[in-house]
Amino acid sequence: MTKMSEVLIFDTTLRDGEQSPGATMTHDEKLEIAEMLDDMGVDIIEAGFPIASEGDFQAVSEIAKLAKSATICGLSRANYKDIDRCWEAVKHAKSPRIHTFIGTSPLHRAIPNLDMDEMAERIHDTVTHARNLCENVQWSPMDATRTEWDYLCRVVEIAIKAGATTINIPDTVGYTAPVESADLIRNLISSVPGADDVIFATHCHNDLGMATANSLAAVEGGARQIECTINGLGERAGNTALEEVVMALKVRGDIMPYTTKIDTRKIMNISRRVATVSGFAVQFNKAIVGKNAFAHESGIHQDGMLKNRETFEVMRPEDVGLAGTSLPLGKHSGRAALRAKLNELGFDLADNQLKDVFVRFKDLADRKKEVFDDDLLALVTQNDAEDDRLKLKSLRVVCGTDGPQKADMVLEVDGADVETSATGDGPVDATFNAVKTIFPHSARLQLYQVSAVTEGTDAQATVSVRMEEDGRIATGQSADTDTVVASAKAYINALNRLLVRREQSEPGYDVKGVSYKDS
């Protein structure tokens, strides 16, 4: 691949994606997602914002050490302290990158209260400092699409002369349109001295629903790096979705002759995992990875599909890692059949993991006549942990047409069983009240969402819960054929994650044997 044809994929799921309210991931989940991104061929992984917290620093540092192929990038503001901390986190990577930024639009210049000359001087000094530490430096003028043209050219030139090797042009608030996106990159490349010696990147938000279109237009204008996230995860309306730009380039190579290194067959697996750990479910009609992306219900569509798949599909489900069939398993299916089906779905489980999933599969098969692919996905992506402080042991809910509902619960708390009964306005409310009776807390329920995994009255229900406590947000998710049980497990799962967040915020917290007492 030549420089002109290759487009680098810069994934910021672990940084910009994780900034979505409630999408915070645990340390181990960040490492897991980073490994999956590396394995699928992402060129640059923005692993986090090292100065933001000690936990973020530790995650970026460990990802840098474990990465096999991808460049590992950390984000830093335009000051020496941020840049030094970022370098400490990424320096052990085989290919490290420092990404430093500052807001250049009139609205953003007012935040640090700098005039144009003062900001230009800061850009020169901080990019120079970053380049003295690291050969690979990316610089971003935040809110570039609302920055005055002459000033944008001026600061881009300063950053290039100071040593930036990648110039990223962010549409921070999703304001621009495709024709503007292409023209902006094209004009910068033709107008700014030294522009031919660096890579221009595009970073788009989806506030007006044009993130993917703007990113692809920027590539047409000369950008050779796209910043994106899995499932389009990100603040507000989200970021450019990795799966959308990658598949658009793959399918429409006739008019967009650009290539990426992404193994598209791994897209569905990582999409599902990010949805699970972030607590942000993928909408059914989401392009590429939505449940309905390859579903056909119209009679005309079905007839056309039976005759020729290309009649109504521009890509094959197999190209993004979807199984061609969805044949169900049953209670008589063995471990070998389960392993084969999971491999087909993109999961290569170790023996101990398979043993755990097999036990839950058999339990589900006893309650459900047929276990479909989506049922298995719900089983595999359960995020309960062995060291959880709270575990549901038993739940019995009594419902009547009159009066409050009652929940009898046994909850294991730090290894000891505690029993209680509670009432509420409905079975779920009674169940949550029972948990709160056993384990009092001040966390506030922000989101409660139920969706059916498959069709039928015996379908599993997937429940997502988001909770907030003292500014800390955590999500929980669980699936069960009993919606109330799934609700209880999701609620308890979110509480367990909040407890971890609470412990991580305490002075002297230790992650993986690394103390923060003296940091």
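All values reported here derive from a predicted model rather than from experimental measurement.
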Is the shortest side-chain heavy-atom distance between [X] and [Y] below 4.5 Å?
{"X": "Thr104", "Y": "Met119", "answer": "yes"}
{"X": "Ile63", "Y": "Asp38", "answer": "no"}
{"X": "Glu6", "Y": "Thr260", "answer": "no"}
{"X": "Ile102", "Y": "Trp139", "answer": "yes"}
{"X": "Met116", "Y": "Glu118", "answer": "no"}
{"X": "Met467", "Y": "Arg472", "answer": "no"}
{"X": "Val463", "Y": "Val465", "answer": "yes"}
{"X": "Arg146", "Y": "Leu107", "answer": "yes"}

Testing the basics here: between [X] and [Y], what is the closest heavy-atom pair and its distance to 0.1 Å?
{"X": "Ala182", "Y": "Ala217", "answer": "CB-O, 3.2 Å"}
{"X": "Ala241", "Y": "Lys286", "answer": "CB-NZ, 3.8 Å"}
{"X": "Ile83", "Y": "Thr126", "answer": "CD1-O, 3.4 Å"}
{"X": "Asp125", "Y": "Tyr80", "answer": "CB-OH, 3.7 Å"}
{"X": "Cys228", "Y": "Ile9", "answer": "SG-CG2, 3.8 Å"}
{"X": "Tyr175", "Y": "Leu208", "answer": "O-CD1, 3.9 Å"}

Would you find more than 12 non-hydrogen atoms of other residues, nucleotides or ligands less than 6.0 Å from [X] atom [atom1]?
{"X": "Tyr151", "atom1": "OH", "result": "yes"}
{"X": "Gln283", "atom1": "CD", "result": "yes"}
{"X": "Glu220", "atom1": "CD", "result": "yes"}
{"X": "Asn113", "atom1": "CG", "result": "no"}

For [X] and [Y], indicate whether the former's side chain and the latter's backbone hold a donor-acceptor pair under 3.5 Å.
{"X": "Glu18", "Y": "Met25", "result": "yes"}
{"X": "Ser181", "Y": "Ala177", "result": "no"}
{"X": "Asn231", "Y": "Ser271", "result": "yes"}
{"X": "Arg131", "Y": "Val137", "result": "no"}
{"X": "Asp82", "Y": "Ser76", "result": "no"}
{"X": "Thr128", "Y": "His124", "result": "yes"}
{"X": "Thr229", "Y": "Gly234", "result": "no"}
{"X": "Asn269", "Y": "Arg273", "result": "no"}
{"X": "Ser61", "Y": "Phe57", "result": "no"}
{"X": "Ser105", "Y": "Thr147", "result": "no"}

Checking [Y] against [X]: is there a side-chain donor and acceptor pair closer than 3.5 Å?
{"X": "Gln58", "Y": "His27", "value": "no"}
{"X": "Ser464", "Y": "Gln449", "value": "no"}
{"X": "Asn214", "Y": "His205", "value": "no"}
{"X": "Gln446", "Y": "Glu468", "value": "no"}
{"X": "Thr71", "Y": "Ser95", "value": "yes"}
{"X": "Asp143", "Y": "Thr172", "value": "no"}
{"X": "Asp16", "Y": "Asn239", "value": "yes"}
{"X": "Asp11", "Y": "Thr13", "value": "yes"}
{"X": "Thr240", "Y": "Thr212", "value": "no"}
{"X": "Gln138", "Y": "Thr166", "value": "no"}

Before you tell me yes or no, could you show the steps for Ser140 and Asn168 under side-chain hydrogen bond (donor to acceptor under 3.5 Å, both in side chains), namely the whole-Å CA-CA distance, both residues' side-chain angles and the distance that decides it to 0.1 Å?
CA-CA 5 Å; Ser140 293; Asn168 177 48; 2.9 Å; yes
Straight-line distance of [X] [atom1] to [Y] [atom2], nearest 0.5 Å:
{"X": "Phe10", "Y": "Gln225", "atom1": "CZ", "atom2": "CD", "result": "6.0 Å"}
{"X": "Leu37", "Y": "Ile45", "atom1": "CG", "atom2": "CD1", "result": "5.0 Å"}
{"X": "Leu14", "Y": "Ser278", "atom1": "CG", "atom2": "OG", "result": "11.0 Å"}
{"X": "Lys91", "Y": "Leu133", "atom1": "NZ", "atom2": "CG", "result": "9.5 Å"}
{"X": "Ile270", "Y": "Asp39", "atom1": "CD1", "atom2": "CG", "result": "9.0 Å"}
{"X": "Phe49", "Y": "Ile51", "atom1": "CZ", "atom2": "CD1", "result": "8.0 Å"}

Intermediate values then yes/no, salt bridge (charged side-chain N to carboxylate O under 4.0 Å, His left out), Asp470 and Arg502:
CA-CA 9 Å; Asp470 297 331; Arg502 185 191 297 173; over 6 Å; no
His129 and side chain to side chain donor-acceptor pair (under 3.5 Å): which partner among Thr100, Asp84, Asn79?
Asp84
Would Thr145 and Asp171 satisfy side-chain hydrogen bond (donor to acceptor under 3.5 Å, both in side chains), going step by step from the backbone distance to the final call?
CA-CA 5 Å; Thr145 57; Asp171 183 26; 2.7 Å; yes
With sequence neighbours left out, the residues meeting side chain to side chain donor-acceptor pair (under 3.5 Å) with Asp263 are Arg265
